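In what follows, every heavy atom counts, from backbone to side chain, and hydrogens, waters and symmetry copies are set aside. Treat the numbers as computed from the prediction; the structure is a model and nothing was measured.
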Amino acid sequence: TVSTSPSYSFVVTANRNLVATFIEAFVISSHSSPAAGGAAEMDKATYQTNDKVNATATANNGYAFANWTEDGVVVSTDRSYGFKATGNRSLVANFIADFGCTITLDSKPAHGGSASGDDNYGYDDDVLISAIPSAGYGFVCWTQGGAVVSSVPNFSFTAQSSLALVANFAPLASIAATAVPAEGGQVTGAGDYAIGAAASLVPTANPGFAFIGWTENSTALNVPTSYGFTVQGARTLVASFIPIPQMAAVSGAPGSNSMEIAWPEASAGWELQESGDCQNWQPCVRPVVTGGGMKKVTVPTTGGTGFFRLVHP
């Protein structure tokens, strides 16, 4: 050994061959939850493979040790937790108050609603808390320290530590959605939502109709069929449906070796497509004639199989 410093400086006087020697140094850390509950200590700062590790938890007055967890999974219920080092780890010593777990609830804003279910609970007790909006307000979410923990007003969980939760409310906004024409289908999901809440509108076409898109203030929206969004204010949306035109195949004159594909002339916006295998479709470029309220194309009945369909962009 010529130095134990990782940065080794010296004056060159001759050729030398130096070897930097390393050893394993696994870091096993520990902390307490809650911090006021007690102390969590390791017997060393670093460890090598198969070193004996000892983690010790010491409860403060008014608290009792509950367990050691790693990534939320209980790994020991012994206050002094011993094991062999195999890699880096992060342990949490969990403590509970002698009186159990205190669940504290608050409302934001205070006039937006109320919350029920705050109380002292035993460790591992089932907890159900409820958010009740005031008139003109809606529930948005439950938060802890500003982080969202649930988006349902009736939130159930297991008491494992004291928590301070906030029921967040916001003014209601009306989300209206109608089907046009009314006989074309239905829309679900319309109603009053709290500003900041998630809304989802789902159109369902009636038999003989197809959904073609959403509009708002007569402007087409480039959004999915099932339209989900965060409510920022009142909105009025329209789900548009159109009748599905019925196609007909009519035999041509005897000996013509042809037939007519026909569909209603009033079916605007529909495009006739053609395929030889019912998989690869292309716009049909055959001449279209009109007559008797129908659009028609003439196709030969010889030369192989053909498929036709109407599609709406």
Side-chain angles (χ1 to χ4, degrees), residues 102-119 121 125-159 162-244 269 312-313:
T102 300
I103 306 301
T104 304
L105 304 180
D106 196 6
S107 299
K108 184 179 180 180
H111 59 272
S114 60
S116 65
D118 52 329
D119 206 344
Y121 294 85
D125 278 357
D126 292 330
V127 180
L128 174 63
I129 58 176
S130 299
I132 304 96
S134 300
Y137 282 79
F139 172 76
V140 179
C141 62
W142 290 100
T143 57
Q144 180 186 5
V148 176
V149 295
S150 177
S151 58
V152 295
N154 297 314
F155 176 36
S156 59
F157 57 92
T158 301
S162 295
L163 298 174
L165 301 172
V166 177
N168 296 272
F169 302 94
L172 288 174
S174 176
I175 303 299
T178 56
V180 176
E183 66 272 18
Q186 301 88 35
V187 180
T188 58
D192 292 334
Y193 289 84
I195 292 177
S200 179
L201 302 178
V202 180
T204 303
N206 286 337
F209 286 83
F211 172 75
I212 58 171
W214 291 100
T215 57
E216 185 173 18
N217 298 325
S218 300
T219 301
L221 303 179
N222 185 20
V223 297
T225 300
S226 296
Y227 181 26
F229 56 93
T230 299
V231 176
Q232 302 295 336
R235 299 182 68 177
T236 300
L237 297 109
V238 174
S240 297
F241 299 88
I242 56 173
I244 299 174
H312 197 283

> Which pair of heavy atoms, one from F139 and one from V152, lies closest together, and at what distance?
CE2-C, 3.4 Å
> Considering non-hydrogen atoms only, spot the tightest contact between Y121 and A159 and give its length.
CB-CB, 4.0 Å
> So among N222, V187, T219, which one has a side chain to side chain contact (heavy atoms under 4.5 Å, CB included) with W214?
V187
> Treating S240 as the side-chain partner and I212 as the backbone partner, does any N or O pair qualify as donor plus acceptor under 3.5 Å?
no
> Taking all heavy atoms of S114 and all of F169, pick out the closest pair and write down the distance.
O-CZ, 3.6 Å
> How far does CZ of F211 sit from OG of S226, to the nearest 0.5 angstrom?
8.5 Å
> If every non-hydrogen atom of V140 is compared with every non-hydrogen atom of A194, which pair is closest and at what distance?
CG2-CB, 3.7 Å
> What's the separation between atom CG in L221 and atom CZ in R235, rounded to the nearest 0.5 Å?
6.5 Å
> Without swapping roles, check the side chain of N206 against the backbone of E183 for a donor-acceptor pair under 3.5 Å.
yes
> Restricting to non-hydrogen atoms, name the atom on G113 and the atom on S107 that form the minimum distance, rounded to 0.1 Å.
O-OG, 3.1 Å
> Can you name the closest pair of heavy atoms from V231 and A199 and give their distance?
CG2-CB, 3.7 Å
> Could you state the interatomic distance from CG (N168) to OG (S151), rounded to the nearest 0.5 Å?
12.0 Å
> Whether the side chain of S150 engages the backbone of W142 through a donor-acceptor N/O pair (distance < 3.5 Å, no angle test) should be reported.
no
> Using the side chain to side chain contact (heavy atoms under 4.5 Å, CB included) rule, pick out the option among V166, L165, D119, L163 that qualifies with L105.
L165
> Going from CG on D106 to CG on D118, what distance comes out if it is rounded to the nearest 0.5 angstrom?
9.5 Å
> Answer yes or no: is there a donor N or O on one side and an acceptor on the other, between the side chain of T104 and the main chain of A164, under 3.5 Å?
no
> Let me know which of D126, L128, V127 forms a side chain to side chain contact (heavy atoms under 4.5 Å, CB included) with S156.
L128
> Distance check, rounded to the nearest 0.5 Å: D192 atom CG versus I175 atom CD1?
8.5 Å
> Can you measure from OG (S174) to OH (Y193) and round to the nearest 0.5 angstrom?
10.5 Å
